[in-house]
Amino acid sequence: MVHLKLKPKGSYSFSETSRRLTQFEKTAYYQKGDILLRTIRLVERPLLLRLRWMEEALQVETDADLGAEEVQMLERRLRRMFSLDVDLTPFYEWIKQNDPVLYPVVQQRTGLHFVLDADLYECLMKTIIGQQLNLSFAATLINRLVEIAGETLRFDEQTVIPVFPTPEQVARLRYEDLQALQFNRRKAEYIIDISRRIVEGQLDLSRLERFSDDGVIEEMLPLRGVGRWTVECLLLFGLGRPNLLPAADIGLRNAVQSVYGYDIRPGEEEIRQLGERWQPWRSYATFYLWDWLSQG
DNA sequence: GGCCAGGCTAGCA
DNA sequence: TGCTAGCATGGC
């Protein structure tokens with residue numbers, strides 16, 4: 001058994017951060033009392049993690065038998081997933097000085113951090129599925145894909161937790177399998193075709209870590225099913241880039257309209273202009289506005 | 001019932 | 001180069 005105790009840098013609110021995972025996203029995380037269950041793959045190997053917040057740290061347990069190197073790898077992965085090394089103090093100071101309208105929205109959520117997906121493949125698949133759908137239906141479809149293609153790990157007698165499928169597992173599906181789950185034909189093709197490209201070695205997502213934001217956009221945009229918004233989500237929820245502004249996103253535009261009191265919904269260009277004052281924290285400004293939107 | 005969802009592609013001018 | 005129908009369904 002492995003037990004990690006991961007302390008965050010700066011002010012970190014686990015209740016704010018995890019609230020989104022169980023109430024809002026409704027995929028990947030499962031609540032068992034005060035424990036949060038999550039499966040991830042550590043070098044292909046599926047692990048069931050038990051997470052909880054105690055003594056101002058993220059406490060992580062798994063029954064898996066891991067070597068010292070794997071434990072280190074797991075620790076790095078989790079620090080990154082939960083943004084434990086992102087100190088938001090300068091962000092709060094910056095918004096206080098530069099954006100009095102956004103400041104109350106930010107202040108209400110002090111300590112709220114991004115939770116990244118477990119890996120880039122999972123993030124890409126979820127984002128493509130979520131294109132243009134309302135979030136609850138998107139979650140339904142994601143759960144159906146996980147169920148049809150992935151394996152499961154057992155937590156206790158009654159509780160079995162699914163593991164997000166590998167590209168190999170999704171590549172084996174037929175388009176019709178996903179259509180039967182109420183995916184539209186084209187979305188079924190995007191998901192399976194991209195998975196097959198990864199399996200065949202034509203697409204290597206791990207290379208993206210080293211690219212600039214624009215480099216990632218340039219690399220990913222030619223893929224069928226991947227538009228600008230999808231890459232922006234990959235940069236936010238897969239790579240954790242801090243200064244990304246998905247200016248065309250309908251949710252961000254709606255939130256800006258309400259918070260800043262615009263008569264009509266602002267366009268992409270207006271969002272870009274407004275976003276200038278959030279530099280170099282545009283990802284977190286966006287994230288807090290999204291959260292404001294889903295919370296009211 | 002109608003319109004909109006944290007879009008994207010293909011087809012057309 | 002720029003515009004738009006169609007997608008598959010849930011939620012309001």
Side-chain angles (χ1 to χ4, degrees), chain A residues 19-21 23-28 102 105 109 112 114-117 122-145 147-148 173-195 197 203 213 216-241 244-260 262 264-272 274-275 278 282-296:
Chain A
R19 158 176 61 78
R20 293 178 55 84
L21 302 177
Q23 293 177 6
F24 180 52
E25 298 200 4
K26 286 190 277 186
T27 76
L102 187 62
V105 172
R109 300 171 165 68
L112 170 65
F114 270 95
V115 176
L116 308 190
D117 284 309
E122 178 180 322
C123 181
L124 182 59
M125 293 297 110
K126 285 181 176 178
T127 306
I128 291 173
I129 292 170
Q131 288 166 357
Q132 206 261 334
L133 299 178
N134 66 69
L135 295 174
S136 81
F137 185 47
T140 302
L141 293 184
I142 291 164
N143 288 331
R144 286 178 184 164
L145 172 70
E147 216 166 288
I148 194 182
L173 299 175
R174 297 166 305 161
Y175 304 138
E176 295 74 23
D177 296 330
L178 293 185
Q179 283 181 279
L181 305 178
Q182 295 175 305
F183 285 64
N184 71 42
R185 173 73 185 195
R186 281 220 296 241
K187 206 169 270 193
E189 290 171 5
Y190 302 157
I191 286 163
I192 292 175
D193 289 350
I194 289 176
S195 300
R197 289 184 74 97
L203 174 63
D213 293 354
V216 174
I217 292 173
E218 196 178 319
E219 178 80 5
M220 295 298 290
L221 227 39
L223 287 174
R224 189 162 169 272
V226 176
R228 192 177 176 95
W229 178 86
T230 301
V231 190
E232 287 169 340
C233 285
L234 193 66
L235 286 161
L236 290 172
F237 292 102
L239 290 161
R241 300 289 167 93
L244 220 283
L245 182 70
D249 176 82
I250 195 74
L252 178 59
R253 291 167 56 207
N254 285 335
V256 165
Q257 182 185 358
S258 301
V259 171
Y260 291 81
Y262 288 48
I264 56 166
R265 185 159 66 197
E268 188 175 343
E269 203 39 51
E270 281 176 277
I271 299 286
R272 282 195 196 290
L274 179 71
W278 304 331
R282 294 186 301 177
S283 299
Y284 267 91
T286 300
F287 186 52
Y288 276 55
L289 281 164
W290 273 339
D291 191 63
W292 179 88
L293 195 64
S294 63
Q295 267 207 315

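Values below: all heavy atoms of this structure, side chains included; hydrogens, waters and symmetry mates excluded. It should be emphasised that the depicted structure is a prediction, and the values quoted were computed from it without experimental measurement. Below, read A as the first sequence line, B as the second, and so on, with proteins coming before strands; counting in each chain starts at 1.
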Just need the stems in DNA chain C: three or more back-to-back Watson-Crick or G-U pairs, each with both distances under 3.5 angstrom, sorted by first number.
-> B:2-5 with C:9-12, B:7-13 with C:1-7
Quick one: side chains of residues 227-236 of chain A, donor-acceptor pairs under 3.5 Å with protein atoms, not counting sequence neighbours, listed by atom name and distance.
unit_1	atom_1	unit_2	atom_2	d
A/R228	NE	A/E232	OE2	3.2
A/W229	NE1	A/D249	OD1	2.7
A/T230	OG1	A/Q131	NE2	2.8

Does A/R186 make a side-chain N or O approach to OP1 or OP2 of C/dA5 shorter than 4.0 Å?
-> no
Return the 5'-most residue of the pair A/G251, A/V226 with respect to DNA chain B, ranking by each residue's nearest nucleotide.
-> A/G251
For the pair A/Y260 and A/E270, evaluate side chain to side chain contact (heavy atoms under 4.5 Å, CB included) and give the outcome as yes or no after the intermediate values.
-> CA-CA 12 Å; A/Y260 291 81; A/E270 281 176 277; over 6 Å; no
Starting at atom CD1 of A/I142, determine the distance to atom P of B/dG6, rounded to an integer number of angstrom.
-> 13 Å
According to a strict under-4.0 Å criterion, is A/T230 in side-chain N/O contact with OP1 or OP2 of B/dC8?
-> yes
Phosphate-side-chain proximity, A/N254 and B/dA5, N/O vs OP1/OP2 below 4.0 Å | yes
Ignoring the backbone of A/R20, work out which of B/dT9, B/dG6, B/dA5 is nearest its side chain.
-> B/dG6
Might you confirm whether atom CD of A/E147 has over 12 heavy atoms from other residues, nucleotides or ligands at distances under 6.0 Å?
-> no
Distance-only side-chain donor-acceptor flag, A/Y190 / A/N184, under 3.5 Å | no
5'-most by nearest nucleotide on DNA chain B - A/C233 or A/P222 | A/C233
Test ring pair (Phe, Tyr, Trp, His ring centres under 6.0 Å) applied to A/Y284 and A/F114, step by step = CA-CA 8 Å; A/Y284 267 91; A/F114 270 95; 4.9 Å; yes
What distance, rounded to whole Å, do you find between the two C1' atoms, one in B/dC3 and one in C/dG6?
-> 16 Å
Can you check whether A/W229 stacks with the B/dG7 base, using ring centres under 5.5 Å and planes within 30°?
-> no
Picking from B/dC8, B/dG6, B/dA5, the nucleotide nearest the side-chain atoms of A/Q131 would be B/dC8
Non-hydrogen side-chain atoms of A/D117 and A/T127 separated by less than 4.5 Å | no
Examine the side chains of A/Q179 and A/R185 and answer whether a donor and an acceptor come within less than 3.5 Å of each other.
-> yes
Rounded C1' spacing from C/dA8 to B/dC4 in Å = 14 Å
If you restrict it to nitrogen or oxygen atoms, what contacts under 3.5 Å exist between nucleotides 10-12 of chain C and the protein, and what is each distance?
unit_1	atom_1	unit_2	atom_2	d
C/dG10	N3	A/N134	ND2	3.1

Positive for side-chain contact (heavy atoms from CB on, under 4.5 Å) with A/L145, one of A/D177, A/L178, A/T27 | A/L178
